[in-house]
Structures are given as C-alpha cells and as structure tokens.
> 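First the structure, which I've put down as structure tokens, then a few questions once you've had a look.
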Amino acid sequence: ILNVEQSPQSLHVQEGDSTNFTCSFPSSNFYALHWYRWETAKSPEALFVMTLNGDEKKKGRISATLNTKEGYSYLYIKGSQPEDSATYLCAFIRTTDSWGKLQFGAGTQVVVTP
Amino acid sequence: DVKVTQSSRYLVKRTGEKVFLECVQDMDHENMFWYRQDPGLGLRLIYFSYDVKMKEKGDIPEGYSVSREKKERFSLILESASTNQTSMYLCASSVTVEITEAFFGQGTRLTVV
C-alpha cells in the first residue's frame, strides 16, 4: 500500500503548454517532501526538498507548492519542452517514521511532444 | 561533480546464485540506501546505512543483506537470487535522510532467470 499517491500516472503535453500534477500524502506528522526527476537511462535527480507549509520552490520553468495541512504538493512545468520528458517522483517522510524511511510515490510520467 | 556509481547497468543471474551489487559515492555522505523499483510501485527501501558497519532494515529486506565496510561503499547482497528479485535496483546517498536531497546512482537492472 502506497501512502503517497501521485496523479495522474502519466500525461502527454504539447511542447509549449504548461502542466501540473499532484502528490498526495498523509497530513499528520509531516516532516519533509522531496521531488525528483528521473529521465530514461539516467539517475533520479533532486528538484526540491520542502519542509514548510505554504512553501513554494522554483527551478527554471519548474515550480512546486506544498500544503501540509491537507496533504498535497503540486509540481508545475511552465512552457513544457521535450527535455522535460521524465518520470517525476515525490517522496515524503513523517516525524514518526524510522530512520531512512522516505516513502516514494509511483511517479507521474510526463511525455512532451514537439 | 558529485557521483554515486553502481558497478553494473545490466546484470543477468541464475536462480540460486549469490549476487553482489556494489555502490560507491564520492561525497563523504554518512547515509546510503538501496531501493528497488518495480512498475506501478514507488521506490521501495531495502536497506539503509547511517555509518560504517551500521545498517537498518527497510520495508522489504527479506532475501537481501548489505555490507558497509568503508564509508564510500555500500553493497547489496542477494543471498540466493530468485526470479521475484528481478527488478531495477537503485543506490543513493545523502547528508541527512529527511531534509537534504538524495543523490542516486544510475541503477542496475537485474534479471534473474
């Protein structure tokens, strides 16, 4: 059973369009939320680590918001480019979790077509 | 450029073989992790090490063991490989577990036949 749910599982985006997708997690005992981008044949790469309710992070055309009270985070891609094609993973950890136990979602696969 | 390096990208082993997956990081990180990734599932933690010779079981440790004799190297051992251990294996390291990013290796796709 995944405590972390990502939706949608996959999405197709036209180049130049903006898109967003969701990571949902239990809201109790929140500690931190991570976002990673995993391109085919490469290593997963960290995008953001978020710890505060209301936090917003930005990296180029990608941004993320966090709502710890309701248990969700959105990742936004503005003006999608083919190089944004990847699986985007979120992971969270609670204050009550044992050491090391980042809980990962199954990912949202994004395909950007020219 | 920080690096986590896994010894093999692809590996094919026979049922019952003992399999070693090696991971080396050059960032002097205390924490190292082994995950497996299967379709439709998130990365699942197999084992975690927070110091040399120290380890903690993750969510799915059965059928696996680990070794951390040096800070930079974390090995995953499949004692007797089985077909249900066919998977993508990812190694990672980090400064802290919770609030700093993890750095991942490129993954080892293991097929057990």
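Letters A, B, ... are given to chains in the order of the sequence lines, protein chains preceding strands, and every chain is numbered from 1.
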> So if I take each residue of residues 82-90 of chain B and look for any heavy atom under 4.5 Å from a heavy atom in chain A, which residues do I end up with?
B:Met88, B:Leu90
> May I have all residue pairs that pass salt bridge (Lys or Arg N to Asp or Glu O under 4.0 Å) and include part of residues 42-69 of chain A, sequence neighbours excluded?
A:Arg37-A:Glu45, A:Glu39-A:Lys42, A:Arg61-A:Asp84
> Side chains of A:Leu102 and B:Leu45, heavy atoms from C-beta outward: is any pair under 4.5 Å?
no
> Under 4.5 Å between side-chain heavy atoms, hopping through other hydrophobics if needed: is there a path connecting A:Tyr76 to A:Trp35?
no
> Please classify the contact between A:Ala41 and chain B as side chain, backbone, both or neither, with a heavy-atom cut-off of under 4.5 Å.
both
> Which distance, rounded to the nearest 0.5 Å, do you find between the OG of A:Ser43 and the NZ of B:Lys3?
10.0 Å
> Is it true that a side-chain atom of A:Tyr36 and a backbone atom of B:Phe104 form a donor plus acceptor pair closer than 3.5 Å?
no
> Below 4.5 Å, heavy atoms only, C-beta onward: do B:Glu101 and A:Leu47 meet side chain to side chain?
no
> Tell me, for B:Thr100 versus chain A, whether the close heavy atoms (under 4.5 Å) come from the side chain, the backbone, both or neither.
backbone
> Checking heavy atoms, do the side chain of B:Gln37, its backbone, both or neither come under 4.5 Å from chain A?
side chain
> Is there a path of hydrophobic side-chain contacts, each under 4.5 Å between heavy atoms, that joins B:Val19 and B:Val24?
no
> If you compare all heavy atoms of A:Ala46 against all heavy atoms of B:Ala102, which two are closest, and at what distance to 0.1 Å?
CB-O, 4.4 Å
> What is the minimum heavy-atom distance between B:Gly105 and A:Pro44, and which atoms define it?
O-CD, 3.9 Å
> Given the rule that I, L, V, M, F, W and Y join up when any side-chain heavy atoms are under 4.5 Å apart, are A:Tyr31 and A:Phe104 in one cluster?
yes
> Checking heavy atoms, do the side chain of A:Trp38, its backbone, both or neither come under 4.5 Å from chain B?
side chain
> Does atom NZ of B:Lys71 have more than 12 heavy-atom neighbours, drawn from other residues, nucleotides or ligands, at distances under 6.0 Å?
yes
> Under 4.5 Å between side-chain heavy atoms, hopping through other hydrophobics if needed: is there a path connecting B:Ile60 to B:Leu110?
yes
> Atom CZ of residue position B:Arg9 - does it have more than 12 heavy atoms of other residues, nucleotides or ligands inside 6.0 Å?
yes
> Is B:Arg109 in contact with chain A via its backbone, its side chain, both, or neither, using a 4.5 Å heavy-atom distance?
neither
> Is there a continuous path of hydrophobic side-chain contacts, each under 4.5 Å between heavy atoms, that joins B:Tyr47 to A:Ile93?
no
